[in-house]
Each structure stands twice: as C-alpha cells, then as structure tokens.
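In this text the structure is predicted, and so the values were computed from the model without any measurement. Each chain gets a letter, A, B and so on, in the order the sequences are listed, and its residues count up from 1. Basis for what follows: all heavy atoms, side chains included, without hydrogens, waters or symmetry-related copies.
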Amino acid sequence: MIEHKLARLVDDALGRAVESGRLKIARRPIVEIARPHEKGHGDWASNVALILAKEAGVGPRVIADIILDRIERPPYVADVTIAGPGFINFRLSNTWLYEALTAIRTQRDRYGWSELPTGERIQVEFVSANPVGPMHVGHGRWAAVGDSLARLLLAAGSEVQREFYINDWGNQMLNFGASVAARYRELLGAPLELPEDGYRGHYIIDIAQEIVDKDGDKYLDLGFEQQGKLFSARAYKQVLEHIKKTLEAMDVTFDCWFSERALHDSGELDETLALLEAGGYSYRADGALWLRTTDFGDDKDRVLVRENGEPTYFAADIAYHRDKIRRGYTKLIDIWGADHHGYVARMQAAMAALGAEPGSLEIIIGQLVSLYSGGRPIKMSKRTGEMVTLEELLAEVGKDAVRYFFLMRGTDTALDFDIELAKSETAENPVYYVQYAHARICSILRHAAENDLAPAGTGADLALLDHQAELALLRELAEAPSVIMRAAANRAPYRLTKYLQDVAGLFHQFYHQCRVVSDDEKLSVARLALCDGTRQVIKNVLWLIGVSAPEKM
RNA sequence: GCGCCUGUAGCUCAGUUGGAUAGAGUGACGGACUACGAAUCCGUAGGUCGCAGGUUCGAAUCCUGUCAGGCGCACCA
C-alpha cells in the first residue's frame, strides 16, 4: 500500500538524519502517514516532525527541513513540501493511481485482500440465540456483524471459523418444554396451565399443534414433567432448524453448531470444574461452589454449582471456552448483546483462571436495535401482536437492506432501524444508492459492448484519465485495501458501508462530468477500464458485508 | 449506588486511534435529461462538537468532574 511506501521514505530519511548527527533523538518513532482533510495539503502527510520537536529540542519546521533534505523521491512522488506547523506533505504523481487500477483489474475478486497470511486462526462465535423461539431483530444485527467480521478477517489473511453455541440445556429448556406441554393439553381440551414464567408466544401453540397433528393424544396420559422433557427435546430441534433457515436467508452460515448439552454429557464440564478446583480458584460457601473471579478483576465471586447441585450457565460457558481454547485458535471473538455486558468481567476472569493468554478472548458488545416505521417506534408485529421477528423483517425489507442497515452504525452504538426507509427505493436509501452505482456501471459496459468497445486491457493508455473527477475516483478505489485492513483490525465492518457510499458518490460524480462512451475511442477504452475497476471494488466490498451486487435493478 | 455504551448541523450519523479551515446523508430552498440508467448530479443554507476544568506545539478525539439518555448489576440463560 502506498502509505507504507511513503512511511518508509520518511523513516529512511529520519535514519540518515540521526546517523549524521543532525538530529538527536533516543528512539525513532513509528512514522505514520495520513490523508489530509484538505486537498491543498497534498495526497498524504506525515506529522513526524511535530512529534519529535519536543525531544529534539528544536522547532518542528526545522526538523521537517532536515528530513526533507534527506528524503528520496521515487517517480511516484511528484512533490514533497513542508506546511503549517511542520507537516511533511506528499503530492503524488498520477502513475501510482494507474498502477492501482491495473492491480484491481488483475487481482479481480481478490483485490483488497491481504497478500500475506497473518497466521492467525480466529474463531468468531455469534448469534447463539436460545433455541426456544424465533429470533428477534437484535439477533439479526449480530448475524450481520459477525458474518461480515468473519469475511473481513478472512480477507485480512486469517483463517476463520464461525460458530453458533446452542443453549440446549438448563431451566429455559425445561420451561420451554413445559410451555409446549401446557399448550398440548389445552389443544386436547384441558384448561390452560401455562407455567408462571412460561413462553407465551403463539409459536408455542404452533409447535404443540404439530405434535397433535402427528401423534394425537398419545402423550396425554404422561405426567407434566415427562411431557415437558419429551417435548423440549423434540421441539428445540424444530426451532433450531427454523433459526438455521432464517440465517441462511440472510446468507449467514456457520461452520460449527456447538451443543451446550454435549458439554454436560461428555464430562467436559466436570473436568473443567475439577481443573478450576485443582488450581485453587474455586471454593464452597453457602452450600454452593464459587469461582474466585474477584482475583481477576470481577467485582464479586460467581456461583459455578448451585446449592441444589445443578451447574450454572456460567459453569457450562467456562467449559465451552475451555473447549475452544483446546481447539487451538489463536484468538476467540464473542459477539454479545449489550444486555450481557455485565457478564464480560466474569468470563474474562474465567479465561484467566483457565490459564488463557491475556487478550486471547475478545468480547464485542453490540448495542441494541430499535425498530421504527416512518419515524414512529414499533415494538409489536402487526400480524401477530408479538415482537417483530427477524424472519418477518427479512420478508418485509429483503436480505440486502437488512444486512446493509445493520452495518450502517458502529457496533457499540444503539441502532434505529426504520422499516419504511429500508423498503423505500429512493435516494434516502443508501443500499440502493450503492447498488444503483453498480448496476449503472454494468449498464454502461453493456452499452459499450454494443458499440464494440471493451475496457482497456493492461498496458492501455490509462494516463488519459486525468480529469479531477477521474482522479478522485481512482484515489478512493486505491484505498480499498487499507480500508479493509483497518476495518478488520478494528473489528468495525460498519466502515465498509461508509466506504461504499463514498465510492458510489464519486462514481456518480465522475459519470456526470465525464462521458464514458464517446467518439474518442482511446479515451472511451480508458474510462471503461475505470468503470470496470469501480464495479470490481464495489462488488468486492459488497461481498464483505454480504450484500448482492446487482447487474440490473 | 456501581459498571458499560452514547451525547457533533432541524433529523439520522461519520470523523481513519491527538493533526491543518469538523464532514456526509436527509429535510428546506434553487438548478441540471434531444447521447452511456434522473434510483443520478450541481448549488445555497445550516455548528458554543452536552457543560466545566485539565494534559500539549495542537483536543470532537486523551484525563477529571458534571448533566442527560440507553443497557445491565441472579444460586436466569
């Protein structure tokens, strides 16, 4: 990437300045190159002279001068100047932009991807919705964020595995089963005896109805408890299938569906508890077994095994993370909703107790989603009178808009999702703005083909692209690799939507200022190459957020 | 009471890890199709970066305090 080349130029000059004794500093700082906001300040700038001023005991402009005198100027550097308080500004010649365009059109679907593997094996665990009912819109956000993050990490050169943790054990499962049993009895004529904290959703009736349809009153004589066990085992699979289908409709797939129950059955949970005890991290008090999470920064110790002998969800979760560690990932990423943030400290404490390396578990907390319709908040589904489900949202606004909207905001800010806006096919809707740019380019390329024109191959006269709109677009396209790397490093897929809007905007501007297919064949061919490169970049970045790149709309 | 997140244009939000004159979209107003997609583009207007201190060459960004909103503080998951 160009900024790395420039950083090296500055760093080399700095090295020479120090060697010659002209500049006295103890340590050379990491040279950072940034894009100035103001176009008049050149294409790239370094602030290294300002950083060094204090230590060197001379003014930043003096230091900048010293560096400037020693800096190399390869052909792609048109000009280096000092400005303001001591910024070193680079103006680049256009050749590097043409090289970037050629790279896009050579690397194709791989443009923007890292050429070097990181050597990391990263596991991303996300959604992990309880299999006791339909997913809500919040789950959709974690699905979009988690899947895009996985794609980003892959592009950044890591090996990635996606995992869904199935909470198929514990009170909620019993409760779920009991709720189905109550509905089952009701359907067969008995009065409704829903458990106090039972599930009230209509889908429970649907599930019970299915059992009635298939097996009739076969189970009616069983006790309430037995019915519950039987039905929960049977119904959760059904719900899980439903979850899977909904996620697939979002183009989100998992490499592994990990069962909590399996941890109990395999003895891994007991093993983990024994391990913690052997390490001296647990103790008995008030009839329960506790983990000393306060030793690792939690504000109170946490129960592992209840007074009644049942392990807590936390205990199972520790066994689960131990299992992950043993599978050999170099990094674990969990994506949780904001309603679980209170759980972070104890989980990190447990990781430390397990002897995991600090930082090996990253927990991303996503803030919650609120639904709106034309600016008015909605909580309930019109159809069912219950929570709006992810499935309904997908059916209503479509996969592309759902994924795009879920990635329009930083993960740590609350998200307002306006259904009417997502459905609208107008300028207000950024999904269409970006997709329109892609479709428009495809249309131009089709039009060109009808006139026997094709984008220039490599070695064509790209230097004809010197209109300011062309150069601005080229500059933006050339940034894709660093945008992608930064988004991956910051676990911030939402930056991709911003970038897409910038690229699409610059393309539309270019389109209005520069006629692509014209009588000037050479210029047409060069501009078609620019169109083709833009199309490729939009397509690649859309893939990273899981949104389609339509050729027609 | 404690912890996490968030306060930036009328509205919804960016702001690339501390840089130069804080940016988009939308809404409002005014313009641009006899040629490649007007789902587009151009122009105008709009700011005490919640508030008060501090750190330094330099702060929307870091620190402290404070106000406001969201979420959470289980032997639930």
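Distance noted for atom P between rG7(B) and rG15(B): 10 Å (whole Å). To the nearest whole angstrom, the two C1' atoms, one in rG18(B) and one in rC29(B), are 39 Å apart. A distance of about 15 Å separates the P atoms of rU64(B) and rU6(B), rounded to the whole Å. As rounded to the nearest Å, rC67(B) and rA77(B) have P atoms that lie 37 Å from one another. Between the P atoms of rC5(B) and rG10(B), the separation comes to 27 Å (whole Å). Rounded to the nearest Å, the gap between the P atom of rC62(B) and that of rU17(B) is 13 Å. Between rC71(B) and rC63(B), the distance separating the two C1' atoms is 25 Å to the nearest Å. Rounded to a whole angstrom, the distance from the C1' atom of rA22(B) to that of rC13(B) is 14 Å.
Neither OP1 nor OP2 of rU6(B) sits under 4.0 Å from any side-chain N or O of R409(A). For rC41(B), the OP1/OP2 oxygens have a side-chain nitrogen or oxygen of Y433(A) closer than 4.0 Å. Checking the phosphate oxygens (OP1, OP2) of rU16(B), no side-chain nitrogen or oxygen of Y499(A) falls inside 4.0 Å. OP1 or OP2 of rA14(B) has at least one side-chain nitrogen or oxygen of T413(A) nearer than 4.0 Å. When the side-chain nitrogen and oxygen atoms of Y511(A) are compared with OP1 and OP2 of rC33(B), none of them lie within a distance under 4.0 Å.
C442(A) comes within 4.0 angstrom of nothing in the nucleic acid, heavy atoms only. When heavy atoms are screened at a 4.0 angstrom cut-off, H41(A) is found touching base atoms of the nucleic acid. When heavy atoms are screened at a 4.0 angstrom cut-off, D519(A) is found touching no nucleic acid atom at all. When heavy atoms are screened at a 4.0 angstrom cut-off, D317(A) is found touching no nucleic acid atom at all. Residue contacts for Q509(A): at a heavy-atom cut-off of 4.0 Å it reaches the sugar-phosphate backbone alone, with no base atom in range. Among the atoms of the strands shown, only primed sugar atoms or phosphate atoms (P, OP1, OP2) are found under 4.0 Å from some heavy atom of G410(A). Using a 4.0 Å heavy-atom criterion, one finds that R302(A) contacts no nucleic acid atom at all. K300(A) comes within 4.0 angstrom of sugar-phosphate atoms only, judged by non-hydrogen atoms across all strands, and of no base. Residue-level contact check: D502(A) touches neither bases nor backbone, having no heavy atom under 4.0 Å from any strand. At a threshold of 4.0 angstrom between heavy atoms, the contacts of A338(A) are confined to the sugar-phosphate backbone, with no base atom among them. At the heavy-atom level, Y494(A) lies under 4.0 Å from the strands shown only through sugar-phosphate atoms. Residue-level contact check: A439(A) touches the bases, meaning some heavy atom is under 4.0 Å from a base atom. As judged by a 4.0 angstrom heavy-atom cut-off over every strand, A448(A) is placed among residues making no nucleic acid contact.
Closest to the side chain of E260(A), out of rA77(B), rG72(B), rA38(B), is rA77(B). When the nucleotides rU6(B), rC41(B), rC13(B) are ranked by their closest atom to the side chain of D412(A), rU6(B) comes out on top. Counting only heavy atoms from C-beta on, N130(A) has its side chain closest to rA77(B) among rC4(B), rA20(B), rA77(B). Listed nucleotides rU16(B), rC71(B), rU40(B) differ in distance to H508(A); the shortest reach to its side chain belongs to rU40(B). The L50(A) side chain lies nearest to rC57(B) when the options are rA20(B), rC57(B), rC4(B). Checking rA20(B), rC36(B), rG37(B) against the side-chain heavy atoms of R440(A) singles out rG37(B) as nearest. Nearest nucleotide to the Q172(A) side chain, out of rA77(B), rC36(B), rC75(B): rA77(B). Checking rG19(B), rC36(B), rA77(B) against every side-chain atom of V517(A), the shortest atom distance belongs to rC36(B). The side chain of M553(A) has rG37(B) as its nearest neighbour among rG37(B), rG3(B), rG19(B).
The aromatic rings of W290(A) and Y283(A) lie parallel to each other, with less than 30° between the two planes, well short of the 60° mark.
Under the 4.5 Å side-chain criterion, counting only non-hydrogen atoms from C-beta, L477(A) is in contact with L530(A). Within the 4.5 Å cutoff, side-chain heavy atoms of P311(A) are placed close to those of W169(A). Counting only heavy atoms from C-beta outward, the side chains of L101(A) and L465(A) approach each other to under 4.5 Å. Between F314(A) and L304(A) the shortest side-chain heavy-atom distance falls below 4.5 Å.
The glycosidic torsion of rU66(B) lies more than 90° away from 0, which places this base in the anti conformation. Taking the O4'-C1'-N9-C4 or O4'-C1'-N1-C2 dihedral as appropriate, rC33(B) has a value within 90° of 0 and is therefore syn.
Residues Q513(A) and H447(A) each lie close to RNA chain B; by heavy-atom proximity, the contact nearer the 5' end of the strand is made by H447(A). In terms of position on RNA chain B, the residue among I441(A) and P36(A) whose nearest nucleotide sits closer to the 5' end is P36(A).
None of W142(A), F126(A), Y343(A) except one satisfies the ring pair (Phe, Tyr, Trp, His ring centres under 6.0 Å) rule with W336(A); the exception is Y343(A).
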- Begin from the C-alpha positions of K324(A) and D334(A) and carry the test salt bridge (Lys or Arg N to Asp or Glu O under 4.0 Å) through to its verdict. CA-CA 11 Å; K324(A) 291 193 198 184; D334(A) 288 1; 3.0 Å; yes

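Taking the six-membered ring for Trp and the full ring otherwise, F507(A) and F510(A) have centroids separated by under 6.0 Å.
A donor N or O paired with an acceptor N or O is not found under 3.5 Å between the base of rA77(B) and the side-chain atoms of N175(A).
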